[in-house]
Amino acid sequence: MKIFNTETRRKETFEPLEPGKVRLYVCGPTVYNYFHIGNARPFVIFDTLRRYLEHRGMQVTFVQNLTDIDDKMIRRANEEGITVKGLADRFIAAYFEDAAALGIRPATIHPKATDHIGEMITLIETLISKDLAYASNGDVYFDTQRYRAHYGKLSGQNLDDLESGARVDVDETKKHPMDFALWKAQKPGEPAWESPWGPGRPGWHIECSAMSMKHLGETIDIHGGGQDLVFPHHENEIAQSEGATGKPYVRYWMHNGFLNIDNEKMSKSLGNFMTVHDIIKEYDPEAVRFFLLSAHYRSPLNFSREQIEQAHAALQRLYTARDNYLFLLEKAEAQDSNAEDEAIITAAKDAAAQFDAAMDDDLNTADAIGVLFELVRTANILLKPGTGKSAVQAVLDAFAEISGVLGLVKPAENKEDAALEALLDARAAARKARNWGESDRIRDELAALGWAVEDTPQGQKVRKV
RNA sequence: GGCGCCAUAGCCAAGUGGUAAGGCGAAGGUCUGCAAAAUCUUUAUCACCAGUUCGAAUCUGGUUGGCGCCUCCA
């Protein structure tokens, strides 16, 4: 598989450090609010990456942190008059609920920052002992000047360029404007933990370094996140981690493009966001996932309600196709396939191979979705009432394999229902008698019960609406 | 000022040297008691200019337009 590595700015062949095992870390949510659809993009992308790596036989240890202590957490908790912990508990629960709706599987481990204060302190102490960090009035800062030669390798900036940008606040407790906080001294009304530098709390960047190292080791395979994390967050993670261990921190950096709205970045600070929590009250959550996967992950993607509706319509085609194949499988009489069916089996295998090829090319989900639709079109043309079971099954297998990795198309629903059976029998009898009035009346009755019935050469086919 | 990205049909989108995947939408046809589903046909020369090449959406230079990071942010 090829992965575009942000650090080298080129596609590289992905080889995990340890064959067959992948260490994957993705920056998770700060749990001070519901996550918005832009936040959801990396969650869905990296969930899909994880599914694909597993599909290719890798054992993936996937760590996604929960940032449950930072300025925004504290501010929001104070606004609501609740504890930071209370706020975190609420939105952690909400995260898992909304993520599940989007088909995002829980990571292997979801470490919380507040459960790793000890590890962070240890890491900071190491940096101080290596003279890469210094304490100042209860704060601790990373000393970028002492790391000057390496700082900026991920974002392609160097300290000179960054300094010329001159948008960094001057802070008298810092030696240099680009130095960043590893530990922040407690301010009135803030939660704090004891440390060698007095009570305080960790800086944001140190959280990910400490949790990644604890759960995945000093060198990991893939670290993912949104492009806005490249600088300073990930740059600082590298400085902290490699400064402390002297070893490479991350072998492949992956960053997704932004989710825009009206061609502007959707962000909480701009206030132009829509939370997933709200949007899935209005639209099919699966359509949201489809939409997020419909473009390549590094491209910007513009959100609109029309796009979600298009995604929903596209998804319907997949559901209809899958249900049609299941119906054909059920009605198929021939067990074995004949010569004509070989073309179908070949097409199914080809689709599975093309899907892998698309995903191997830097996780090209847009192309991969195209492969799925091509399989559907081919199958719709080739599958007929006389097709043997094994050929229909081959299509269903390829379909399930592809859609499963994409996390799309839920399993078929059980249609066992005595009342349904009785109505279908009655309708079949009416149709046999060419009593169209009665047939249509029963069809309306079924519709009222939530069943759509279609007539096919093999008899009536029902689906849940 | 530094670093970087994008521009493909009505909408979305893949495609990085050999002559435009796929989806949504639209129009017309086939099938069907009707309907649904399906299928067939139609719906683009890839922002603009110049260059390299036998050949460019795809490479180079430029123009125009849009966006992002450099400050919390996926």
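Reminder, nothing fancy here: chain letters follow the sequence lines and each chain counts from 1.
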TODO: Using whole Å, report how far CG of A/N380 lies from P of B/rG22.
DONE: 14 Å
- [ ] Could you tell me whether the side chain of A/F273 reaches within less than 4.5 Å of the side chain of A/S267, counting heavy atoms only?
- [x] no
TODO: Name the closest nucleotide to the A/I381 side chain, picking from B/rC12, B/rU39, B/rG33.
DONE: B/rU39
TODO: When you get a sec, tell me which of B/rA13, B/rG10, B/rG22 is the closest nucleotide to the side chain of A/L301?
DONE: B/rA13
- [ ] Please determine, for the side chain of A/N263, which listed nucleotide (B/rG66, B/rC34, B/rA14) has the closest atom?
- [x] B/rG66
Open item on the list: Heavy atoms only, 4.0 Å cut-off, all strands: where does A/G38 land among base, sugar-phosphate and nothing?
Closed with: base
TODO: Look at all strands and tell whether A/L259 reaches a base, only sugar-phosphate, or nothing, counting heavy atoms closer than 4.0 Å.
DONE: base
Task: Phosphate-side-chain proximity, A/R298 and B/rC5, N/O vs OP1/OP2 below 4.0 Å - done: no
- [ ] Please report the C-alpha distance between A/T61 and A/R23 in whole Å, then the side-chain angles of each, then the deciding distance to 0.1 Å, and finally whether the side chain to side chain donor-acceptor pair (under 3.5 Å) criterion is met.
- [x] CA-CA 5 Å; A/T61 306; A/R23 296 168 170 85; over 6 Å; no
Open item on the list: Would A/F373 count as stacking on B/rG22 if stacking means ring centres less than 5.5 angstrom apart and planes tilted under 30 degrees?
Closed with: no
Open item on the list: Working note: A/N380 + A/Y325, criterion side chain to side chain donor-acceptor pair (under 3.5 Å); need CA distance, chi angles, decisive distance, verdict.
Closed with: CA-CA 9 Å; A/N380 285 346; A/Y325 308 152; 2.9 Å; yes
Open item on the list: Heavy atoms only, 4.0 Å cut-off, all strands: where does A/T320 land among base, sugar-phosphate and nothing?
Closed with: sugar-phosphate
Open item on the list: Using a 4.0 Å heavy-atom cut-off, does A/N39 contact any base of the nucleic acid, only the sugar-phosphate backbone, or nothing at all?
Closed with: base
- [ ] Measure from the side-chain heavy atoms of A/R431 and tell me the nearest of B/rG33, B/rG23, B/rA74.
- [x] B/rG33
